[in-house]
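Structure first, commentary second.
Whatever order the structure lists ligands and atoms in, that order sets their numbers, starting from 1.
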Amino acid sequence: MALIVQKYGGTSVADADKIKNVARRIAATKDKGNEVVVVVSAMGDNTDKLLKLAYQVTKRPDDRELDLLLSTGEVVSSTLLAMALEEMGYEAISLTGGQAGIRTDAAYSQARIQRIDPERVVSELDKGNIVIVAGFQGITEGMDITTLGRGGSDTTAVALAASLAAEVCQIYTDVEGVYTADPKLAPEAKKLDEISYEEMLEMASYGAKVMHPRAVELGELFHISILVASSFTDNPGTLIHGGGSMEVRNKVRGIAHDLDVAKITVVGVPDRPGIAAAIFVPLAKANINVDTIVQNASINNITDLTFTVAKSQLDKAMAVVGPICQSIGAREYVSDAKMGKVSIIGTGMQNNPGFAARMFSALSEQGINIQLISTSEIRITCIIDEARVKDAVQALHRAFELEIEE
Ligand code: ADP
Ligand code: ASP
Ligand code: MG
């Protein structure tokens, strides 16, 4: 008998029939003699719908109220799933994140799990129950409900798997695993049988939303094997694991893309010590996540500074940058919300300059202008026009021969 944590995403529980389908899959896992803890996302695009409703009521929803509102999406799906299992004759109980002991800080909309008190989940398992936990949410010391960031149910699942010492965390979704690129953009993308935490973390952090980056981080930290597979078929899926040398191939493993990119340029900045701190410290204090940063070489001690943020944070970032611009004596600041990101990722790229050259050539052959470049040891990212992202992903997929079986 093993303890298995399964997570089902929004598309997998989008309507009553799909909830019944998921219930059957859970029942089959239980029938094999396993203890089962299930994490669910909100049905279909319910989180988007709730968010839209909030913005129809007010331009600036209160952080606390918004998190409590969004958390209800997962409460709906978890209760319905428990009912579907009961209907099939299985003992099941649904728990909110708070009831499941998921304790977070108070950073609404991007709360971090501080600890999990698993007693209630364990006692329900001991009674023979299948435990269904509402994903994406937790509770603060002050008993307020928080959410973990969009896509955060994956993180609930891996965190629970770690705290319960589960044998495996299975992430069931609407694709058959992790692909060499988003199959919705690159139809020739191939499913990977396995991928290292390191590569998956870069893929997820740079836009491959099939996994929440923090879930991958937790998996690596607590040595939890994560299986990504389809809720609709029985095909084997992709195993995310800590495998060593077998990963190091002289090859790009995947292409990630992200359409949620906006660019801010501060123009005519005096080039002197303290300027970067003057801009980025207030942005950090305002909880704005700055991604790629580029500063041009200065001419006559005047330079330009460009950085990217998520589109949803552009207005907030511009409001912070405005007054700073004045105080540091910058000429002006401008933004462009129509940006995108494409990245090539693979541990086999380390210390090999050939990959960058090939990437830039492939983009230039398509007439795609690269606006900013950022790199890590196992990733190269180009910021480009949003409208060219699909072409870029397909061109890079071809250039690195990812459609060819290894
Ligand atoms: P869920 O609701 O199950 O959490 P998500 O929509 O969050 O599902 O994630 C699954 C989606 O991630 C897929 O439908 C696919 O379009 C997208 N995706 C992006 N990059 C990849 C990739 N490299 N491999 C697989 N899916 C990807
Ligand atoms: N329902 C939440 C979202 O749409 C969390 C999740 O699906 O993982 O972001
Ligand atoms: Mg998801």
Side-chain angles (χ1 to χ4, degrees), residues 6-14 18 22 38-52 66-67 69-78 97 109-111 133-138 146-159 169-195 199-216 226-232 235 237-238 240 252-260 312 341-346 389-390 393 396-397 402:
Q6 299 188 328
K7 178 252 168 179
Y8 292 91
T11 328
S12 311
V13 292
K18 291 203 173 95
V22 164
V38 178
V39 174
V40 270
S41 291
M43 294 170 71
D45 57 359
N46 255 2
T47 309
D48 291 326
K49 286 188 181 142
L50 292 170
L51 205 53
K52 200 168 147 200
L66 189 61
D67 270 25
L69 174 71
L70 295 190
S71 73
T72 63
E74 271 69 10
V75 176
V76 171
S77 49
S78 59
S109 84
Q110 46 189 329
V133 179
F136 173 58
Q137 56 185 266
T146 53
T147 64
L148 308 180
R150 296 305 304 268
S153 297
D154 298 336
T155 297
T156 305
V158 180
C169 182
Q170 301 169 338
I171 304 285
Y172 289 107
T173 183
D174 59 354
V175 284
E176 303 228 319
V178 179
Y179 283 65
T180 48
D182 185 343
K184 287 188 186 130
L185 238 75
E188 66 281 17
K190 287 194 75 74
K191 196 201 84 195
L192 299 165
D193 293 333
E194 42 94 26
I195 185 167
E199 287 170 324
M200 190 65 232
L201 182 58
E202 293 278 325
M203 292 275 287
S205 304
Y206 282 80
K209 70 168 181 160
V210 63
M211 279 296 297
H212 197 232
R214 278 160 50 200
V216 185
I226 303 171
L227 178 79
V228 181
S230 164
S231 339
F232 303 104
N235 295 337
T238 303
I240 308 172
V252 167
R253 288 282 275 160
I255 317 280
H257 78 276
D258 187 354
L259 292 167
D260 186 16
S312 56
K341 234 187 279 187
V342 277
S343 306
I344 58 170
I345 288 140
V389 165
K390 185 174 180 181
V393 170
L396 293 170
H397 205 273
L402 295 185

| message | Measuring only between side-chain heavy atoms, which start at C-beta, is Val210 closer than 4.5 Å to Val228? | response | yes
| Enumerated ligand 2 atoms positioned under 4.0 Å from heavy atoms of Glu74 | 1 (N), 2 (C), 5 (C)
| Numbered atoms and elements of ligand 2 in range of Ser41, under 4.0 angstrom, heavy atoms | 6 (C), 7 (O), 8 (O)
| For Met200 and Val178, what are the C-alpha separation, side-chain angles and deciding distance, and is it a side-chain contact (heavy atoms from CB on, under 4.5 Å)? | CA-CA 9 Å; Met200 190 65 232; Val178 179; 3.8 Å; yes
| query | Is any side-chain heavy atom of Glu74 less than 4.5 Å from a side-chain heavy atom of Ser41? | reply | yes
| request: Using a strict 4.0 Å threshold on nitrogen-to-oxygen distance, state whether Arg253 and Glu199 make a salt bridge. | output: yes
| query | So, does Ser41 sit close enough to ligand 1 that a heavy atom of it is under 4.0 Å from the ligand? | reply | no
| query | Is ligand 1 under 4.0 Å from a heavy atom in the side chain of Ala181, in the backbone, in both, or in neither? | reply | backbone
| query | What residue among Ile345, Ile240, Leu201, Ile226 forms side-chain contact (heavy atoms from CB on, under 4.5 Å) with Ile195? | reply | Ile240
| Do Lys7 and ligand 2 have an N or O pair less than 3.5 Å apart? | no
| Of all the non-hydrogen atoms in the protein, which one sits nearest to atom 4 (O) of ligand 1, and at what distance? | Lys7 NZ, 3.0 Å
| task | Drop me the distance from Arg150's CZ to Phe136's CZ, to the nearest 0.5 angstrom. | result | 6.0 Å
| query | What is the nearest protein non-hydrogen atom to atom 13 (C) of ligand 1, stated with its residue, atom name and distance? | reply | Asp174 OD1, 3.5 Å
| message | Using a plain distance cutoff, I'd like to know if Lys184 has any nitrogen or oxygen under 3.5 Å from a nitrogen or oxygen of ligand 1. | response | yes
| Rounded to the nearest 0.5 Å, what separation is found between the CG atom of Leu227 and the CD atom of Gln170? | 6.0 Å
| request: Would you mind running through ligand 1 and noting each atom that sits below 4.0 Å from a heavy atom of Gly177? | output: 24 (N), 25 (C)
| message | Which of the numbered atoms in ligand 2 are under 4.0 angstrom from any heavy atom belonging to Gly151? | response | 3 (C), 5 (C), 6 (C), 8 (O), 9 (O)
| message | My understanding is that we take every heavy atom of each candidate and find the minimum distance to atom 21 (C) of ligand 1. Doing that for Asp182, Asp45, Thr173, which one comes out nearest? | response | Asp182
| request: Determine whether His257 and Lys341 make a side-chain contact, defined as any pair of heavy atoms from C-beta on separated by less than 4.5 Å. | output: no
| task | Could you tell me whether the side chain of Lys190 reaches within less than 4.5 Å of the side chain of Leu402, counting heavy atoms only? | result | no
| message | Return the CG to CG distance between Leu259 and Asp182, rounded to the nearest 0.5 Å. | response | 9.5 Å
| Can a non-hydrogen atom of Gly152 be found less than 4.0 Å from any atom of ligand 2? | yes
| Closest protein heavy atom to atom 26 (N) of ligand 1, given as residue, atom name and distance to 0.1 Å | Val210 CB, 3.5 Å
| request: Return a yes/no value for Thr180: is any of its N or O atoms, backbone included, closer than 3.5 angstrom to an N or O of ligand 1? | output: no
| note | closest protein heavy atom to atom 24 (N) of ligand 1 is Tyr179 N, 2.9 Å
| message | When you compare the side chain of Thr238 with that of Lys191, does any pair of heavy atoms fall below 4.5 Å? | response | yes
| remark: ligand 1 atoms nearer than 4.0 angstrom to some heavy atom of Val178 are 24 (N)
| said: Just so I know, are the side chains of Leu70 and Leu51 near enough to count as touching, which here means a heavy-atom distance under 4.5 Å? | reply: yes
| What protein heavy atom is closest to atom 2 (O) of ligand 1, reported as residue, atom name and distance in Å? | Gly10 N, 3.1 Å
| message | At less than 4.0 angstrom from any non-hydrogen atom of Arg150, what atoms of ligand 2 do you find? | response | 3 (C), 4 (O), 9 (O)
| task | Flag the pair Thr173 / Thr11 as yes when at least one side-chain heavy-atom distance between them is below 4.5 Å, and no otherwise. | result | no
| note | Closest to atom 6 (C) of ligand 2 (heavy atoms only, candidates Gly10, Ser153, Gly135) is Ser153
| field | Per-atom contacts of ligand 1 with Met203, taking only distances under 4.0 Å to non-hydrogen atoms | value | 23 (N)
| task | Would you tell me which option among Lys190, Met200, Lys209 has the nearest heavy-atom contact to atom 7 (O) of ligand 1? | result | Lys209
| message | So if I count the atoms of ligand 1 from 1 in the order they appear, which ones are less than 4.0 Å from some heavy atom of Ala208? | response | 19 (C), 20 (N)
| So is Asp154 polar-close to ligand 2, meaning N/O to N/O under 3.5 Å? | no
| Which one of Val38, Thr156, Val39, Thr155 satisfies the side-chain contact (heavy atoms from CB on, under 4.5 Å) criterion with Lys7? | Val39
